[in-house]
Amino acid sequence: MIYYEVAPNKVFRAGAGVLTYSSDTNLPIGTLVEIELGRAKVIGVVAREVDQPEFKTKPIVRTIHDTPLPPHLLKSADFLHEYYATEMPVVWQTILPAGLTGRVAKTVPSDVLRGEVSGGDRGPLGPAVSQRKEAGFAYPPLNPSQKKSLQEIRDNPNKTILLRGITGSGKTNIYLHLILEQLKLKKSSILLVPEIALSAQLISEVQKYIPNAILIHSKLTPAKRRKIFTQILENKGPQIIVGARSALFAPVRNLGLVIIDECHDNSYHQDQNPKYSALRLASHISPRTILGSATPNISDYYLAEKKDAIVHLTEKARDTASAPNLFFVNLTDQAALRKHRFLSDPLLDAIKDNLERGEQTLIFHNRRGSAPVTLCQRCGWQALCPECFLPFTLHLDQRKLLCHTCGHHQPVQTSCPDCKSANVIHKGTGTKMIEVELTKIFPEAKIARFDSDSSAAEAMPAQYDRVKSGGVDIIIGTQSIAKGFDFPNLTLVGVIQADNGLMMPDFSAEERAFQLLSQVVGRVGRNEKVSRIFIQSYRPDHPIVRFGATADFISAAPALLDFRKKSHFPPFCFLLKITTVQKTETTAIRKARELRKTLLTKYPDLLISQPTPAFYERAHNTYRWQIIIKSQRRADLLQIVHDLPPELRFELDPPSLL
């Protein structure tokens with residue numbers, strides 16, 4: 001009899017990660033097995049062989065897969081458990097697909113095969129590529145700037161490289177060269193994208209050269225996800241995986257490279273347990289990691305610069321690309337708003353001119369709905385969500401007030417519930433309001449709005465071909481339209497309020513505002529057409545607005561880092577956010593104060609904030625107060641986490657304090 005420690009994918013006791021089981025067969029480390037846990041049967045992962053214990057053990061029920069999990073997944077589990085102080089069963093719940101309890105047939109249905117998984121043991125090279133094997137792989141062409149950057153990546157000894165490529169510089173072609181080079185070495189690669197739906201162009205480009213690259217995305221059913229996981233696990237050849245954050249857990253063999261495109265995107269941070277950064281995890285488990293972005297997170301940039309691990313790609317991929325003309329509109333100047341209250345005269349004139357030219361316009365505003373504030377002009381009452389105490393957003397097309405935090409909604413109120421006045425007004429601007437107003441001003445124009453209120457059929461991924469071919473004259477949207485779309489006929493960008501978000505109470509607010517504005521203006525200036533950008537702002541001279549409007553990361557970086565250093569925020573320290581969640585506000589405040597007092601006594605050298613209400617203080621009928629701890633040593637924060645009572649919530653390295 002052989003004895004093994006097995007990590008179940010179900011929490012069985014606080015702080016415990018493995019249990020000992022017996023088997024009459026030899027099992028490699030990483031083997032997926034079925035075990036009894038109490039009265040239930042759950043999935044387990046063989047962690048290590050041990051001597052016969054003094055206590056009685058249960059036998060392993062059966063082996064689920066003969067092929068063990070690859071080393072990088074075992075390394076991932078250990079990293080998430082130790083670095084983010086997460087219980088091992090919770091880690092395995094994240095890594096393994098749900099319901100992985102039986103062997104799956106090796107033949108995957110044809111609808112899965114099309115761009116989602118390769119067949120049998122052939123590896124990822126479908127017929128279109130396999131027929132070219134004698135002549136070598138087909139590589140995308142590179143311009144001199146791309147060739148130089150590619151060689152710099154090859155020559156750089158660092159394990160993790162930041163590829164800072166300006167918008168439109170052709171980072172995808174460099175990715176493809178690196179991936180194909182790994183294939184020649186019979187090594188697998190994983191390419192992460194922020195969202196599959198918003199990365200259709202990149203995926204399409206990848207599949208030109210690697211037709212059977214495997215796509216892993218949230219739209220897959222649980223059954224398909226299990227089939228794909230099994231197929232990848234049992235495939236003997238190198239494979240190429242494309243997907244969002246969870247694709248990092250694909251069980252490929254011989255992982256050689258992880259590429260994270262648009263690495264600044266918040267979607268690479270998981271906000272549920274285990275709360276982790278895909279960037280940190282990839283850097284730990286992969287022999288080589290490439291972080292690609294025109295606007296990388298300032299902490300990543302700072303750390304990469306210290307290690308001499310940055311490669312700059314500063315030229316547009318197309319030699320004919322023409323720099324856009326930039327115009328600022330001061331929203332405090334009423335002379336610029338004679339025709340409309342939030343659409344400036346210069347912007348309206350430019351839209352009219354663009355329509356006459358038959359060219360496309362993009363109007364950006366990162367606030368959906370019709371109006372963000374509903375109030376009574378007589379007594380000052382404001383419509384607030386009863387669950388979160390946050391302002392309702394008006395959705396006029398649906399005749400309802402909606403909370404964008406918890407989803408609570410109610411009919412639009414025509415009279416004030418306090419003073420009974422009918423003088424209830426809706427203030428502020430959202431994308432639905434912009435759509436209504438532009439439709440009135442330009443009734444003949446074909447206008448389309450894209451935001452998170454759009455249905456799947458109305459969203460940009462489904463409408464991309466129509467928009468690209470000129471079926472839409474005016475595109476309206478939130479941040480979703482700033483991510484990766486290329487519209488050849490787009491020559492005008494209008495930003496409704498560029499300083500929106502600058503004053504959010506968060507250390508990363510200015511960084512996010514800069515990144516978003518840079519991404520939006522990067523939608524034009526990609527070809528030879530003359531293009532224009534109109535930046536409307538109440539603070540047009542704010543440095544972040546100026547830097548973002550010109551996508552000037554090199555100038556923005558020192559300003560952002562200077563603020564972080566003076567305020568003791570990352571990358572100059574490590575952060576821990578601790579939240580107490582209670583039924584009453586009084587209890588939440590008392591618990592937070594007691595916790596701070598205890599921490600100050602035990603850790604007098606650390607910076608420990610006063611208890612403050614969380615940005616979303618009330619949620620699900622509870623009150624949330626938080627404490628922020630800063631330390632030069634992350635080990636101090638891990639020690640605090642290990643000592644916390646189980647009812648307290650925590651997040652290490654939070655990307656935001658909201």
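All residue numbers refer to positions in the sequence shown, counting from 1. Because the structure is a prediction, the values reported are computed rather than measured.
- Between the side chain of S188 and the backbone N or O of Q239, at least one donor-acceptor pair lies under 3.5 Å.
- Under the ring-ring contact (aromatic ring centres under 6.0 Å, His included) criterion, F507 pairs with F569, not counting sequence neighbours.
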N/O donor-acceptor pairs under 3.5 Å from side chains in residues 571-580, not counting sequence neighbours:
| residue | atom | partner | partner atom | Å |
| --- | --- | --- | --- | --- |
| T580 | OG1 | Q582 | NE2 | 3.2 |

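- When side chains are defined from C-beta on, I214 does not count as touching V242, because their heavy atoms never get closer than 4.5 Å.
- Contact detail for V11 and Q93: the closest heavy-atom pair is N-NE2, 4.1 Å.
- Between F534 and V493, every side-chain heavy-atom pair lies at or beyond the 4.5 Å cut-off.
- For K602, the side-chain hydrogen bond (donor to acceptor under 3.5 Å, both in side chains) criterion is met by D643, not counting sequence neighbours.
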Check step by step if salt bridge (Lys or Arg N to Asp or Glu O under 4.0 Å) holds for D653 and R634. CA-CA 9 Å; D653 309 326; R634 198 171 184 277; 2.9 Å; yes

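- Within the 3.5 Å criterion, the main-chain N or O of I628 finds a donor-acceptor partner in the side chain of S609.
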Working note: T478 + D451, criterion side-chain hydrogen bond (donor to acceptor under 3.5 Å, both in side chains); need CA distance, chi angles, decisive distance, verdict. CA-CA 6 Å; T478 55; D451 54 33; 5.6 Å; no

Step-by-step side chain to side chain contact (heavy atoms under 4.5 Å, CB included) determination, L291 to T289: CA-CA 7 Å; L291 309 177; T289 301; 3.9 Å; yes

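- Of the charged side-chain nitrogens involved, none lies within less than 4.0 Å of a carboxylate oxygen, so that K591 and E647 do not count as a salt-bridged pair.
- In this structure K148 satisfies the salt bridge (Lys or Arg N to Asp or Glu O under 4.0 Å) test together with E152, sequence neighbours excluded.
- With values rounded to the nearest 0.5 angstrom, Y276 atom OH is found 13.0 Å from E651 atom CD.
- With contacts defined as side-chain heavy-atom distances shorter than 4.5 Å, the pair I210/L180 qualifies.
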Criterion salt bridge (Lys or Arg N to Asp or Glu O under 4.0 Å) on K565 and D562, from CA distance to verdict: CA-CA 5 Å; K565 190 170 186 177; D562 183 59; over 6 Å; no

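- Under a 3.5 Å cut-off, the side chain of T86 and the backbone N or O of E82 do not form any donor-acceptor pair.
- Ring pair F79/H284 is parallel by interplanar angle, where below 30° counts as parallel and above 60° as perpendicular.
- One distance of note links CZ of F547 with NE2 of H542; it measures 10.0 Å at 0.5 Å rounding.
- When all heavy atoms of G30 and V45 are compared, the pair lying nearest together is CA-CG1, 3.9 Å.
- Within the 4.5 Å cutoff, the side chain of L162 has no heavy atoms near those of the I290 side chain.
- For the pair K275/Y84, no side-chain contact is recorded, criterion being any heavy-atom separation below 4.5 Å from C-beta on.
- Salt bridge annotation for R368-D453: present, with a cationic side-chain nitrogen under 4.0 angstrom from a carboxylate oxygen.
- Side-chain contact between L142 and L150 is present, with heavy atoms from C-beta onward closer than 4.5 Å.
- With S283 contributing its side chain and L281 its backbone, the two residues share no donor-acceptor pair below 3.5 Å.
- The NE2 atom of H264 sits 11.0 Å away from atom CG of L279, with the distance rounded to the nearest 0.5 Å.
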Under the side chain to side chain contact (heavy atoms under 4.5 Å, CB included) criterion, do Q515 and F553 qualify, and how do the steps go? CA-CA 9 Å; Q515 290 170 337; F553 179 84; over 6 Å; no

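- Proximity of a side-chain donor or acceptor of Y83 to a complementary backbone N or O of D78 within less than 3.5 Å is not detected.
- A distance of 14.0 Å separates CD1 of I241 from CZ of F249, quoted to the nearest 0.5 Å.
- Counting all heavy atoms, side chain and backbone alike, A317 lies closest to N143 at O-ND2, 3.3 Å.
- Within 6.0 Å of NZ in K159 there are more than 12 heavy atoms belonging to other residues, nucleotides or ligands.
- Note that CD of E511 is 10.5 Å distant from OG of S656, once rounded to the nearest 0.5 Å.
- With hydrogens and angles left out, the side-chain atoms of Q151 and R154 include a donor and acceptor closer than 3.5 Å.
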Compile the donor-acceptor pairs under 3.5 Å between side chains in residues 300-316 and protein atoms, sequence neighbours left out, one pair per line.
| residue | atom | partner | partner atom | Å |
| --- | --- | --- | --- | --- |
| D300 | OD1 | R280 | NH2 | 2.7 |
| H312 | ND1 | R164 | NE | 3.3 |
| K316 | NZ | T167 | O | 2.7 |

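- Atom CZ of R649 has 12 or fewer neighbouring heavy atoms from other residues, nucleotides or ligands inside a 6.0 Å radius.
- Residues Y175 and L163 have side chains in contact (heavy-atom distance under 4.5 Å, counting atoms from C-beta outward).
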Side chain to side chain contact (heavy atoms under 4.5 Å, CB included) between I481 and R523, worked out: CA-CA 9 Å; I481 61 172; R523 297 309 99 205; over 6 Å; no

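- No more than 12 heavy-atom neighbours from other residues, nucleotides or ligands sit within 6.0 angstrom of CZ on R593.
- No side-chain donor-acceptor contact under 3.5 Å links H81 to the backbone of E87.
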Working note: W92 + L69, criterion side chain to side chain contact (heavy atoms under 4.5 Å, CB included); need CA distance, chi angles, decisive distance, verdict. CA-CA 12 Å; W92 283 117; L69 296 176; 3.6 Å; yes

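- Proximity of a side-chain donor or acceptor of R564 to a complementary backbone N or O of L560 within less than 3.5 Å is not detected.
- Considering every non-hydrogen atom in both F229 and I95, the closest pair reads CE1-O, 4.2 Å.
- Using modelled atom types, no side-chain atom of T622 and backbone atom of R618 make a donor-acceptor pair closer than 3.5 Å.
- Under the rule for a side chain to side chain contact (heavy atoms under 4.5 Å, CB included), the partners of H568 that lie at least two apart in sequence or sit in another chain are L607, K630.
- Residues I608 and I627 form a side-chain contact, since some pair of their non-hydrogen atoms from C-beta on lies under 4.5 Å apart.
- Atom CD1 of I153 is separated from atom CG of N158 by 12.0 Å, given to the nearest 0.5 angstrom.
- Side-chain atoms of H365 come within 3.5 Å of backbone atoms of T429 as a donor-acceptor pair (strictly under, hydrogens ignored).
- Across every non-hydrogen atom of S267 and P194, the tightest pair is OG-O, 3.2 Å.
- Under a 4.0 Å N-O distance rule, the pair D261/K171 does not qualify as a salt bridge.
- Looking at D506, its side chain does come within 3.5 Å of a backbone N or O of L657 through a donor-acceptor pair.
- Just one residue in the list D605, L606, V641 forms a side-chain contact (heavy atoms from CB on, under 4.5 Å) with D636, and that residue is L606.
- Residues A278 and L192 come closest through the heavy atom pair CB-CD1, 4.3 Å.
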